[in-house]
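Following: one structure in structure tokens, then a few remarks.
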Amino acid sequence: MPRILMTGAAGGIGTSLRKLLPPIYPDLVLSDLKAPADLGSHETFKAADLSDLAEVEAICEGVDGILHFGGYSIEGAWDDILQANIIGGYNLFEAARRKGVKRIVFASSNHAVGFYPRHHRIGNDVTPRPDGRYGVSKVFGEAVGSLYADKHGLKVTCIRIGNFGERPLDHRRLAMWLKPEDLVQLCQIGLEHPDIRFEIFYGASLNERTWWDNHHAYDFGYRPTGRAEDFRDHAMAEQAKIPPDPIGDYYQGGAFCSIEYDGDRSRIIDWNND
Ligand code: 15L
């Protein structure tokens, strides 16, 4: 029975996966800065600060595979991103190498490519176009994963997660929703598929409006079950409550793109006329 470490166990994704993973991986070790408030007596928890290499090494001891959801999960101040995602991300891969962990599933994000316009369909091989410091940290994590796969033979799966949750929240999320059970499927592929080397998948369910060519995940057997359009009325009603955002509504990364934006707005009109 493989021992699986899940970082970020107290976060949004971690909280949901704590309930879905145990039937598949009963030997699950949870980690975060602090234990989740509702930690059960049947759950194993080890605290660690990702920016401290010794602490990360300690949680990697005896582990076969890692689901790395830890770190800073939205746009933020440089020092927060630096500590949690840049230093923390490096520490995670390095600690895994030192402790002989075989596989890592890295929670990357759509924000690694958020500055692609929505009318541009992209595959997993496009040049990154991060939409903030957070997006840059996800590109960095993917790069470290690639290095550790090539140089040290780790089997690394990067999942560019769209928006994880029970249902799509608005118009943008109809194109990039990820149902929790579909993320579990992608994690299982990353932890078990014999042909994994270094892979990038999009973390998206069966979304008719998708901007992403995710055939690489399908080639590995991914068969998502969540249908975003089943929630269309709810998502559109929520969208109607949100003010228009000329920058965010144009790019895939949404509001992450308009934060601090002082770029060339005329490019948006030009591209619209393509
Ligand atoms: C992400 O990467 C974030 O972690 C999440 O909080 C959402 O903002 C999501 O992207 C999104 O783009 O909706």
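Atoms within each ligand, like the ligands themselves, are counted from 1 in listed order.
- Partners of Tyr134 under the side-chain hydrogen bond (donor to acceptor under 3.5 Å, both in side chains) rule, at least two apart in sequence or in another chain, do not exist in this structure.
- A ring-centre distance under 6.0 Å is not found for Trp177 and Phe164.
- Remark: Asp131 engages His111 in a side-chain hydrogen bond (donor to acceptor under 3.5 Å, both in side chains) (not counting sequence neighbours).
- Checked for salt-bridge contact, Arg173 and Glu238 miss the test: no charged N lies under 4.0 Å from a carboxylate O.
- A salt bridge links Arg98 to Glu94: one of the charged nitrogens lies within less than 4.0 Å of a carboxylate oxygen.
- For ligand 1, the 4.0 Å heavy-atom shell takes in Ser73, Ile74, Ser109, Asn110, His111, Tyr134, Gly162, Asn163, Arg172, Arg173, Met176, Phe256, ordered by chain and residue number.
- Among residue pairs with one or both ends in residues 60-74, those qualifying as salt bridge (Lys or Arg N to Asp or Glu O under 4.0 Å) are Glu61-Lys99; sequence neighbours excluded.
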